[in-house]
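All ligand and atom numbering here is 1-based and tracks the order in the structure. Please read these numbers as outputs of a predicted model, since none were measured by experiment. The basis for the numbers below is simple: all heavy atoms, side chains too, and nothing from hydrogens, waters or symmetry mates.
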Amino acid sequence: MSPQAASPAATSLPGGISPDTGQPGFGVYLHWPFCAAKCPYCDFNSHVRHAGVDQQAFVRAFEREIATMREMSGPRVVTSMFFGGGTPSLMAPDTVAAILDAVRAAWVVPDGIEITLEANPSSVEATRFRGYREAGVNRVSMGVQALNDTDLRQLGRLHDRAEALKAIGLAREIFPRMSFDLIYARPGQTLEAWEQELEEAIGLAADHLSLYQLTIEEGTPFFGLHKAGKLVVPDGETSADLYELTQRVCESHGLPAYEVSNHARPGAESRHNLTYWRYGDYAGIGPGAHGRLLTAQAKIATATERHPETWLARVAEHGHGMVETSELSAAEQADELLLMGLRLREGIDLKRWSSLSGRTLDPDRTEFLIGHGLIEQTAPDRIRCTPDGMMVLDAVVADLA
Ligand code: SF4
């Protein structure tokens with residue numbers, strides 16, 4: 001059994017969240033790559049299939065790829081599972097149940113671990129919530145994105161405000177834990193409008209919110225509109241003000257950011273996402289999923305074929321859809337640890353970073369960044385980004401790495 005196979009129950013905090021013990025866990029990520037429609041800002045691996053999807057065929061392929069990942073990882077104790085997408089709430093509850101059974105057959109899955117499913121709040125999808133709960137899902141993360149109809153239409157979402165509010169109410173009734181996403185820095189959004197919307201969201205969400213700034217990604221319809229001057233988003237200064245407002249309002253309501261875009265009451269953090277940011281291991285299963293898997297030989301980065309039907313064919317032929325399996329050197333792991341860990345409010349453990357990289361951080365660079373208020377030392381062996389540092393995170397990481 002691997003060193004990360006300690007029972008999560010032994011160190012759990014209220015809400016089942018483990019503190020950073022240096023054993024960041026083993027998550028299982030399951031990617032469902034289909035959506036009812038493509039949102040104009042989205043560059044995720046999501047595909048629309050108007051003719052429908054043969055969910056049984058995908059279940060069989062998930063089962064095979066899970067079995068292959070199990071061969072690679074050896075016996076492990078799973079600390080969280082996450083159905084992401086795409087839109088996993090387009091899956092039938094039986095599909096979710098069958099995939100969860102396959103994970104349980106492959107690895108040890110303790111009772112009560114966090115099992116999250118991403119859902120869209122359309123009324124059709126909300127009718128499946130009870131089925132997901134019966135299948136074992138205990139946390140739902142909803143793509144609400146805005147709480148007013150004008151912005152929802154502009155974002156190309158298929159639900160309206162009334163459906164979102166209804167789905168949030170239903171999720172709170174059915175699932176022990178829930179969260180939802182909002183996008184801000186939307187075209188024409190004022191600080192006042194965002195503050196009001198955020199206050200309402202905090203009242204609805206209870207203990208976890210994911211708040212993302214709208215980014216214009218190349219290859220999306222929004223990119224073309226933006227380039228043509230037909231979609232104007234807040235400038236850098238306004239975006240920075242919106243970010244600061246977000247931190248202030250969330251903190252004042254007891255939901256500080258535990259990661260750049262994720263806010264939670266202490267103990268309600270997403271266990272699964274913490275595994276990524278604390279640089280744990282995770283098996284990435286399904287079309288276009290990425291993983292970091294500790295095998296008997298090395299830590300490897302995995303990536304699967306993105307196109308769903310091609311992935312299906314590859315799994316049928318090879319038992320998996322992986323198109324990339326590359327060994328990560330210790331230096332690459334140290335860089336990834338820095339990149340992921342500095343996203344977190346808790347920061348990174350310098351001893352762990354040094355044991356991977358075989359060196360210590362350059363004291364001149366560290367002092368420079370501390371002097372400019374971009375990072376801070378919170379314990380002899382721990383540093384983190386300050387709020388100002390979070391706003392220029394990529395530059396801080398590049399400087400330290
Ligand atoms: S629902 Fe989510 S994954 Fe699907 S297109 Fe919209 S933003 Fe992308």
Ring centroid separation Trp32 to Phe34 under 6.0 Å: yes

Salt-bridge criterion met for Glu346 and Arg278 (N-O under 4.0 Å): yes

Positive for side-chain contact (heavy atoms from CB on, under 4.5 Å) with Arg76, one of Val108, Val28, Leu294: Leu294

Backbone or side-chain N/O/S of Cys35 under 2.8 Å of atom 4 (Fe) of ligand 1: yes

Which of the ligand 1 atoms, numbered from 1, are nearer than 4.0 Å to a heavy atom of Ala37: 5 (S)

Winner among Cys42, Gly86, Cys39 once heavy atoms are compared against atom 6 (Fe) of ligand 1: Cys39

Validation row, ring centre Phe82 to ring centre His31 under 6.0 Å: no

Atoms of ligand 1 close to Thr87 [distance to a heavy atom under 4.0 angstrom, numbered from 1]: 1 (S), 4 (Fe)

Option whose closest heavy atom lies nearest to atom 1 (S) of ligand 1, chosen from Leu90, Asn120, Asp43: Asn120

CA sep, side-chain torsions, deciding dist, call: Ser73, Trp107, side-chain hydrogen bond (donor to acceptor under 3.5 Å, both in side chains): CA-CA 9 Å; Ser73 73; Trp107 292 288; 2.8 Å; yes

For Arg157, the ligand 1 atoms whose distance to one of its heavy atoms is below 4.0 Å: 1 (S), 6 (Fe), 7 (S)

